Amino acid sequence: IHFVLLISRQGKVRLTKWYSPYSQKERTKVIRELSGLILTRGPKLCNFVEWSGLKVVYKRYASLYFCMCINQDDNELEVLEIIHHFVEILDRYFGSVCELDLIFNFHKAYYILDELLIAGELQESSKKTVARLIAAQDSLVEAAKEQASSISNMIAQATK
Amino acid sequence: MNPFSSGTRLRDMIRAIRACKTAAEERGVVRKECAAIRAAVSENDQEYRHRNLAKLMFIHMLGYPTHFGQMECLKLIASAGFPEKRIGYLGLMLLLDERQEVLMLVTNSLKQDLNHTNQYIVGLALCALGNICSAEMARDLAPEVERLLQFRDPNIRKKAALCSVRIIKKVPDLAENFTNPAASLLKEKHHGVLITGLQLCTDLCKASEEALEYFRKKCTEGVVKVLKDIANSPYAPEYDISGIPDPFLHIRLLRFLRILGQGDADASDCMNDILAQVATKTESNKNAGNAILYECVETIMSIEDNSGLRVLAINILGRFLSNRDNNIRYVALNMLMKAITVDTQAVQRHRVTILECVKDSDASIRKRALELVFLLVNDSNVKPLTKELIEYLEVSDQEFKGDLTAKICSIVEKFSTDKIWYIDQMLKVLSEAGNFVKDEVWHGLIVVISNASNLHGYTVRSLCKAVQTSGEQESLVRVAVWCIGEYAEMLVNNTGMLDVEEPITVTESDAVDVIEIAIKRHTLDLTTRAMCLSALLKLSSRFPACSQRIKDIIIQYKGSLVLELQQRSIEFNSIIEKHQNIRSLLVERMPVLDEATYNGRRAGSLPATTSASNGAALNLPNGVAKPAAVPLVDLLDLSSDVVPAPSPSGGDFLQDLLGVDLSPASSQSGTIQAQKNGTDVLLDLLSIGTPPAQSTSSTSDILSSIQDNKTSSGMLERLSSPSGLSAQASSPAGGSPIMDLLDGFAPNLATQEDNGPAYPSLVAFESSSLKLMFNFSKSPGNPQATTIQATFTNKSTNIFTDFIFQAAVPKFLQLHLDPASSNTLPASGNGSITQDLRVTNSQHGKKSLVMRIRISYKVNSKDVLEEGQINNFPRGL
């Protein structure tokens with residue numbers, strides 16, 4: 001997988017992840033081209049678009065298009081399954097995910113993607129494992145926050 | 001504390017941005033936030049650093065520049081706590097790409113984190129490394145990653161495995177270090193580790209032949225067993241997707257088996273049973289199952305031959321093809337493209353279905369299907385397939401017509417058995433989608449028409465009919481106009497009727513009508529109108545009765561703002577008015593265009609060694625044989641008999657002709673009194689036919705004026721031959737016969753002496769890294785042959801290996817390359833490679849040598865290709 005894109009129906013970018021080197025300029029160009037290509041396709045058409053020697057597999061969930069770019073000879077059907085896998089994990093994490101969740105908690109979406117893909121390859125096929133790892137890391141963050149606030153409370157009290 | 005930096009929370013900023021109604025408003029909000037963040041950055045604010053970075057990431061996603069935040073990522077990564085590191089690494093992956101220098105600074109932090117006691121921090125570092133590492137980082141950190149492949153927690157092992165995938169992609173040399181640890185990953189039970197381990201092994205096999213051999217020997221049976229277990233495993237909710245246990249693992253196992261089995265009969269044999277089981281037992285009513293079947297089919301197609309399995313695979317594809325899901329049909333078409341090399345017959349059976357897919361409403365499917373149909377065409381099915389495709393052309397979408405037209409044209413050209421079929425199909429395509437037809441296609445059609453003398457009448461009549469209904473198709477109009485100009489009398493007289501034809505009645509004035517309509521159609525472009533004018537000139541001679549009317553049409557363009565049309569109009573008008581006596585000679589029918597030369601040029605490359613020593617001369621245009629062509633011949637003759645053609649072939653006709661003429665012009669200009677006596681250049685040229693003595697001088701007079709004024713060259717071009725028509729439109733096609741004419745009618749060829757004088761050596765090619773010298777020698781008694789000793793010198797400081805020199809020459813030359821003295825070229829000019837080339841010039845004395853060269857070699861195992869053309873050979877070789 002060369003990159004992952006989440007585009008809203010209005011053409012707004014909700015998440016981008018680049019596994020192959022693209023410069024900033026190329027990135028904007030790719031996004032522009034692809035949103036023009038994908039958003040205009042009808043609902044009954046197949047989920048694959050051939051684009052500059054590569055293939056883009058996309059799938060629409062509500063108002064969001066999940067796109068992944070792969071090589072010509074990769075398995076398109078599997079990538080569809082990976083997209084679905086990702087969506088299910090998001091769904092479980094946010095509890096019936098919607099576009100707003102992904103806007104306000106975009107960093108969480110990235111963390112989840114990072115537990116699913118590294119270097120453009122799938123790393124985990126179990127939704128449970130991903131959920132467990134994310135939960136463990138979230139609780140680490142929470143613990144650190146509590147600690148910080150309790151320290152600042154102590155300081156505050158001490159200085160009173 | 002800075003009043004800005006405490007500012008808004010991330011959530012508030014996102015709200016504010018989303019509340020913006022216009023882009024300008026949004027830019028304003030972002031600018032304000034960026035200013036606050038910059039201020040915080042310059043104050044080295046600690047407390048809100050992670051919040052600022054999160055904001056920056058959001059701003060980055062909207063497409064605004066955020067480079068000033070890059071250092072902040074590094075600071076966060078370097079801090080001790082997990083939350084800071086987590087957001088820092090995320091920022092690193094989002095805001096930077098591997099080519100940025102800042103990345104080098106993070107190597108040290110990464111190294112520390114890879115050795116951290118907290119496994120989640122190790123995980124973060126691995127993830128970042130796997131997603132953005134550069135080649136340098138890969139080298140620096142490979143030992144850490146290798147060690148982590150044996151980490152106690154499987155979640156770290158799987159991350160390390162994918163990190164290794166990236167490292168090997170960046171630095172393939174490191175593959176051998178990873179081979180052993182990767183093999184041990186395959187024995188694990190944890191699915192994540194298995195999936196990533198398989199991925200790593202697959203990539204290792206691609207990177208290194210030894211790794212492939214190693215895995216083939218040690219792991220084939222193990223992997224087959226894993227696949228067997230997973231395929232037969234009972235329901236496991238954690239990995240189940242629509243009733244199939246872990247399709248992702250399935251697919252990776254199949255993919256790895258494909259690599260192991262490719263080109264190895266034993267390994268292939270070992271996996272036959274399980275592949276058959278997967279192919280037959282997998283449920284195919286859900287996407288996950290189909291993804292596995294698809295992968296399985298590809299593996300069956302790639303491993304060593306097993307006909308039973310292949311039948312099974314093709315059947316699966318057949319089922320896919322009739323599936324109602326577009327995705328499945330798409331992958332089926334995709335896979336059939338690969339299967340066609342394995343079993344054409346089996347794919348042919350699905351031809352009808354595939355043809356239906358060409359007409360699908362989905363562009364992706366259409367495109368795949370069309371490419372597949374193109375591969376399926378053979379001599380026996382070309383006619384029905386073409387018929388179908390052309391019928392579909394009538395109803396297809398505009399945006400698909402271009403592709404479709406190109407493919408049909410290419411099929412028709414490739415498989416045409418008889419000319420009438422070819423012409424018929426091309427005319428259909430032109431009338432349906434003439435605006436999509438590429439120039440070289442209709443140029444090719446004209447060449448074929450011109451060669452099919454028995455079909456001239458038929459063609460011109462069909463074109464005349466077609467153009468009346470499809471006059472908006474530009475290239476159809478062009479071909480029609482050209483043919484009417486050439487074969488007008490056949491149109492009117494119904495000459496050469498074929499049995500299949502219905503006779504039509506076209507009067508002389510009808511023919512003129514067709515062209516008049518075309519020239520007045522304002523959507524058509526300049527070339528078409530220029531062709532119309534030329535055709536009208538021809539008609540004025542063929543149909544004297546219409547001459548006045550034609551003159552009236554032509555004269556309308558006298559004031560055209562387009563120079564080309566104005567010029568043609570005035571010139572043609574003066575031919576019609578003042579030069580009745582030679583008009584018919586001037587507008588004689590075009591000499592037949594040489595098909596072989598045209599095709600050769602179209603192929604774009606000069607054939608490497610051709611034996612067509614006089615192929616061109618054999619195909620002398622038949623126009624020459626007729627006495628009518630005498631003025632033309634005279635004109636060309638005059639110039640060609642003095643000259644050893646200095647300009648090499650390959651250029652277009654005009655250039656050749658001018659090149660030929662320029663040298664006498666300059667050599668004689670001293671002896672000639674300029675004869676500009678008030679008559680225009682055109683008249684000078686036209687007077688050539690009569691008094692030969694004077695004509696020499698007047699030609700050169702004209703020609704020297706051409707040197708001064710390039711715009712008149714068009715005039716010469718058109719008047720010098722009846723091929724002016726096509727020279728304008730299709731100069732490569734028109735060019736060749738004229739060249740041939742020159743060749744055939746040069747009486748004193750042997751201007752060069754036969755005893756080979758010493759020729760100076762030549763720096764044939766020089767680049768920053770390579771120099772190529774040519775030394776020439778000729779054997780006495782054989783003036784046509786030249787031996788060239790090529791000497792290559794390496795100017796760079798790197799040694800060149802796998803050095804290959806290739807050369808190509810035009811048809812009139814024959815080239816033989818002797819083996820080179822070596823294929824390794826030492827650095828810094830310490831030694832050289834020599835190679836002998838023997839060239840035979842069939843046009844010795846008339847044309848100079850010309851050669852295209854291509855040199856390929858490897859520097860530091862990287863391929864380098866250099867190309868060049870050598871035009872500056874000494875004269876007389």
Side-chain angles (χ1 to χ4, degrees), chain A residues 12-19 21-24 27-28 31 41-42 44-50 55 57 72-73 75-82 84-85 103-104 106-107 110-111 114-115 117-129 133 136-137 140-145 147-148, chain B residues 11 14 18 54 57-58 61-63 65 81-83 86-87 90 93-94 97-99 120 123 126-127 130-131 155 158-159 162-163 165-166 169 191-192 195-196 199 238-239 241 246-249 251 255 287-288 290-291 294-295 298 325-331 334 361-365 367:
Chain A
K12 290 242 189 271
V13 181
R14 295 302 177 207
L15 182 149
T16 58
K17 189 85 185 175
W18 307 84
Y19 297 107
Y22 288 86
S23 71
Q24 293 301 341
R27 290 180 185 185
T28 10
I31 293 172
R41 281 173 67 87
K44 287 263 174 67
L45 307 183
C46 73
N47 297 75
F48 318 125
V49 183
E50 288 173 37
K55 260 180 212 165
V57 178
Q72 280 286 356
D73 48 0
N75 188 332
E76 301 90 347
L77 298 179
E78 191 212 0
V79 177
L80 268 184
E81 213 53 54
I82 294 181
H84 189 70
H85 195 53
I103 295 172
F104 286 103
F106 68 94
H107 50 293
Y110 278 108
Y111 293 143
D114 283 339
E115 285 298 330
L117 299 175
I118 288 184
E121 306 290 350
L122 185 77
Q123 61 162 319
E124 184 55 69
S125 57
S126 155
K127 285 169 261 190
K128 228 188 199 164
T129 312
L133 289 171
Q137 297 182 55
L140 265 184
V141 173
E142 286 305 316
K145 260 191 196 163
Q147 207 185 351
Chain B
R11 187 166 276 270
I14 296 176
R18 280 174 56 78
M57 284 188 256
F58 190 82
M61 210 153 46
L62 297 175
F82 177 78
R86 196 184 194 194
I87 197 106
L90 184 59
M93 290 185 278
L94 269 184
D97 67 67
E98 65 174 86
R99 281 171 296 200
Y120 293 107
L126 278 173
C127 178
N131 284 344
N155 292 314
K158 75 187 186 197
K159 286 193 163 70
L162 289 185
C163 215
V165 168
R166 170 107 184 181
K169 270 188 193 148
H191 282 211
I195 285 177
T196 54
Q199 190 65 49
E238 188 170 0
Y239 298 107
I241 292 181
D246 207 339
F248 302 112
L249 182 55
I251 286 168
R255 196 176 296 160
N287 183 56
N290 284 325
Y294 179 47
E295 198 70 40
E298 184 156 12
D325 185 343
N326 277 337
N327 291 338
I328 308 293
R329 281 198 293 155
Y330 176 89
V331 297
N334 210 7
S361 58
D362 187 333
S364 296
I365 290 188
K367 192 161 170 251

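Every value quoted in this text rests on a predicted model; they were computed, and no experiment measured them. Each chain gets a letter, A, B and so on, in the order the sequences are listed, and its residues count up from 1.
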Quick check on B:Leu94 against chain A: is it the side chain, the backbone, both or neither that has a heavy atom closer than 4.5 Å?
both
Where on A:Ser126 is there a heavy atom nearer than 4.5 Å to chain B: the side chain, the backbone, both, or neither?
both
With only heavy atoms counted, which part of A:Phe106 is less than 4.5 Å from chain B, the side chain, the backbone, both or neither?
side chain
Between B:Ile328, B:Leu126, B:Asn155, which shows the greatest number of heavy-atom pairs under 4.5 Å with chain A?
B:Asn155
Please state whether the side chain, the backbone, both or neither of B:Leu62 comes within less than 4.5 Å of a heavy atom of chain A.
neither
Between A:Asn47, A:Val13, A:Asn75, which residue shows the highest count of heavy-atom pairs closer than 4.5 Å to chain B?
A:Asn75
Check each atom of B:Asn290 against the heavy atoms of chain A and say whether the ones under 4.5 Å are side chain, backbone, both or neither.
both
A:His85 and A:Ser125: which non-hydrogen atoms are nearest, and at how many Å?
CE1-O, 3.2 Å
Under 3.5 Å, is there a donor-acceptor pair linking the side chains of B:Gln199 and A:Gln123?
no
In Å, rounded to the nearest 0.5 Å, how long is the span from CG of A:Asp114 to CG of B:Asn131?
5.5 Å
Report which part of B:Lys159 has an atom under 4.5 Å of a heavy atom belonging to chain A: side chain, backbone, both, or neither.
both
Can you tell me which portion of B:Arg329 sits under 4.5 Å from chain A's heavy atoms? Options are side chain, backbone, both or neither.
neither
I'd like to know which of B:Lys169, B:His191, B:Glu295 tops the heavy-atom pair count under 4.5 Å against chain A.
B:Glu295
Mind checking what makes side chain to side chain contact (heavy atoms under 4.5 Å, CB included) contact with A:Lys12, not counting sequence neighbours?
A:Ser8, A:Arg14, B:Glu26
Check whether any side-chain heavy atom of A:Glu124 sits under 4.5 Å from a side-chain heavy atom of B:Thr196, and report yes or no.
no
Which atom of A:Glu81 lies closest to which atom of B:Ala288, heavy atoms considered
OE1-N, 3.4 Å
Measuring heavy-atom distances to chain A, does B:Ile14 have an atom under 4.5 Å in its side chain, in its backbone, in both, or in neither?
both
Most heavy-atom pairs under 4.5 Å with chain A, out of B:Glu238, B:Lys158, B:Met61, B:Arg86, belong to B:Arg86
With a distance cut-off below 6.0 Å to the six-membered ring centre and an angular limit of 45° from the axis, does A:Arg27 pair with A:Tyr22 as a cation-pi contact?
no
Go through the atoms of A:Ile31 and report whether side chain, backbone, both or neither lie under 4.5 Å from a heavy atom of chain B.
neither
For A:Lys55, all residues meeting side chain to side chain contact (heavy atoms under 4.5 Å, CB included), sequence neighbours excluded:
A:Glu50, A:Ile70, A:Gln72, A:Glu76, B:Tyr330, B:Asn334
Relative to chain B, which segment of A:His84 carries a heavy atom at a distance below 4.5 Å: side chain, backbone, both, or neither?
neither
Is any side-chain heavy atom of B:Tyr239 closer than 4.5 Å to a side-chain heavy atom of B:Leu249?
no
